Amino acid sequence: METQLFDVVIVGGAATGSSAAYFLLSNPDFKGKVLVLEQDPSYQHCATTLSAASIRHQFSTPENIRMSMFGTEFLRQFKHNMDVNGDSSDPAFVEGGYLFLATAEGEEVLRSNLQTQQAEGADIQMFAAAELAAKYPWMNTSDLAAGSLGLSGEGWLDAYGMMQGMRRKAISLGATYRAARVQKLLHQNGSINGVELENGEKIHAKFVINAAGTDATRLAQTAGIELPVQSHKRSVFYFTSPAHVPGCPMVIDPTGAYFRPEGEGFIAGIAPSADQDPPCTDFDVQHELFDDLLWPLLAERVPGFEALRLVRSWAGHYDMNLLDQNLILGAHPQMQNLLFANGLSGHGMQQAPAVGRALSELVVYGHFRSLDLTRLGWQRVLENQPLIEKNVV
């Protein structure tokens with residue numbers, strides 16, 4: 001069997017992998033060949049297409065804010081930049097905003113986060129409880145102290161359309177996409193040589209990018225690297241309601257529940273408690289989570305939701321970074337030509353443009369140029385020094 005040679009092999013062709021392929025091949029300083037290997041070319045089970053498909057700037061970590069702000073600009077220019085022969089996918093970006101609600105107990109954290117966000121240029125404003133009540137008369141604000149709202153740049157979109165747009169553009173620029181599962185990484189003397197596919201075929205590469213999502217940990221282990229990332233299931237519920245909720249943003253309740261408009265209805269979700277959130281790879285919807293926990297919380301926050309009707313639901317997975325629920329980006333000290341983009345912990349779709357650009361810079365220049373994302377590298381993992389993100393949804 002003939003061995004193939006590529007400059008860069010990207011394992012995982014969803015949002016992050018396709019973003020990396022696009023930014024590599026649109027960079028005039030890169031002259032190489034790119035292969036993207038995707039084991040699920042239907043993308044039926046990938047995290048991108050099963051997510052709540054939202055983007056926010058309201059993080060507590062400057063790097064997360066900067067990456068998502070770039071994601072917003074990327075989406076605003078998407079139709080133009082992803083054009084292929086006069087045709088472009090539409091990510092249907094709706095800048096509806098995020099509204100983080102806080103009780104008196106959480107107000108100080110909200111205000112501290114706001115200072116960081118505004119310092120980074122995010123268009124966020126704080127509202128007192130009385131202002132929230134006037135702005136959203138359909139909402140129960142009796143237990144609230146404040147809320148922070150994204151006035152622009154935050155919202156939701158068609159994640160599948162975004163991913164397919166990047167994929168198609170990358171292919172038009174010369175990327176090769178193949179449906180294949182990578183069995184293991186090929187390495188010798190502290191350097192990655194390429195990958196071996198499930199069918200035994202070997203592909204040599206100068207760089208390999210691990211953008212394999214929930215399969216990333218297994219892949220890293222084949223090179224002797226322990227990646228602290230696990231697959232955790234998240235269920236999303238779509239419902240309709242006779243409630244009239246004009247101007248509804250993506251609402252993040254103090255309980256961790258969220259909801260936002262979607263078509264003629266709403267989507268909502270909540271993370272299960274830690275003792276009910278084991279590593280998981282199945283796609284069974286946690287219906288009891290909706291019946292026992294989420295529905296009562298929704299009805300408490302929006303009284304009109306008491307009469308909601310659940311229409312459909314689905315489950316996807318987060319590639320959860322167990323250290324600090326933040327991205328692990330860049331090379332491991334043991335292997336400088338093996339690049340990681342893993343553990344996005346639910347932020348993958350919104351941060352994919354910035355992550356793809358960062359990966360391309362590491363390949364072409366050996367360092368970050370656009371955004372300094374050094375703190376998201378392996379050093380904090382190896383030293384067990386978590387980079388805490390306070391706004392985890």
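The figures here come from the full heavy-atom set of this structure, side chains too, leaving out hydrogens, waters and symmetry mates. Nothing here was measured: the structure is a model prediction, and the numbers come from that model. Along the sequence shown, the residues carry numbers beginning at 1.
- Under the 4.5 Å side-chain criterion, counting only non-hydrogen atoms from C-beta, D215 is in contact with Q39.
- A cation-pi arrangement is not found for R312 relative to F237, the charged atom failing to lie both closer than 6.0 Å to the ring centre and inside a 45° cone about the ring normal.
- D324 places a side-chain N or O within donor-acceptor distance of the main-chain N or O of L387, the cut-off being under 3.5 Å.
- Within the 4.5 Å cutoff, the side chain of K206 has no heavy atoms near those of the V8 side chain.
- The backbone N or O of V84 sits nowhere less than 3.5 Å from a side-chain atom of S172 that would complete a donor-acceptor pair.
- Considering K233, R234, Q230, Q286 in turn, R234 is the only one that fulfils the side-chain hydrogen bond (donor to acceptor under 3.5 Å, both in side chains) rule with D277.
- Between the side chain of E38 and the main chain of G13, a donor-acceptor pair closer than 3.5 Å is present.
- Proximity of a side-chain donor or acceptor of N193 to a complementary backbone N or O of H204 within less than 3.5 Å is not detected.
- Classification of the F290-W295 ring pair by plane angle, with boundaries at 30° and 60°, yields tilted.
- V302 is not listed as a side-chain neighbour of S241, based on a closest heavy-atom distance of 4.5 Å or more.
- Counting only heavy atoms from C-beta outward, the side chains of S148 and Q58 approach each other to under 4.5 Å.
- A donor-acceptor pair is defined here as one N or O able to donate and one able to accept, closer than 3.5 Å; no such pair exists between the side chain of S18 and the backbone of A15.
- Between the S235 side chain and the A315 main chain, no donor and acceptor come within less than 3.5 Å of each other.
- Residues V34 and I10 form a side-chain contact, since some pair of their non-hydrogen atoms from C-beta on lies under 4.5 Å apart.
- A heavy-atom distance below 4.5 Å is found between the side chains of F74 and M166.
- When atom types are taken as modelled, the side chain of S191 and the backbone of N189 share no donor-acceptor pair closer than 3.5 angstrom.
- Annotation: cation-pi geometry not satisfied between K169 and Y22 (NZ/CZ under 6.0 angstrom from ring centroid, within 45° of ring axis).
- Looking at V251 and Y136, their side chains never come closer than 4.5 Å, going by heavy atoms from C-beta outward.
- By the 30° and 60° cut-offs, the orientation of the rings of W378 relative to F340 is perpendicular.
- Judged purely by atom type and a 3.5 angstrom limit, N321 uses its side chain to pair as donor or acceptor with the backbone of N326.
- Remark: side-chain polar atoms of R178 are not paired, donor with acceptor, to backbone N or O of A180 under 3.5 angstrom.
- Checked by atom type and distance alone, the side chain of R380 pairs as donor or acceptor with a backbone atom of L376 at under 3.5 Å.
- A side-chain N or O of E383 and one of Q379 form a donor-acceptor pair less than 3.5 Å apart.
- A 4.5 Å side-chain heavy-atom check between F239 and L298 finds at least one atom pair inside the cut-off.
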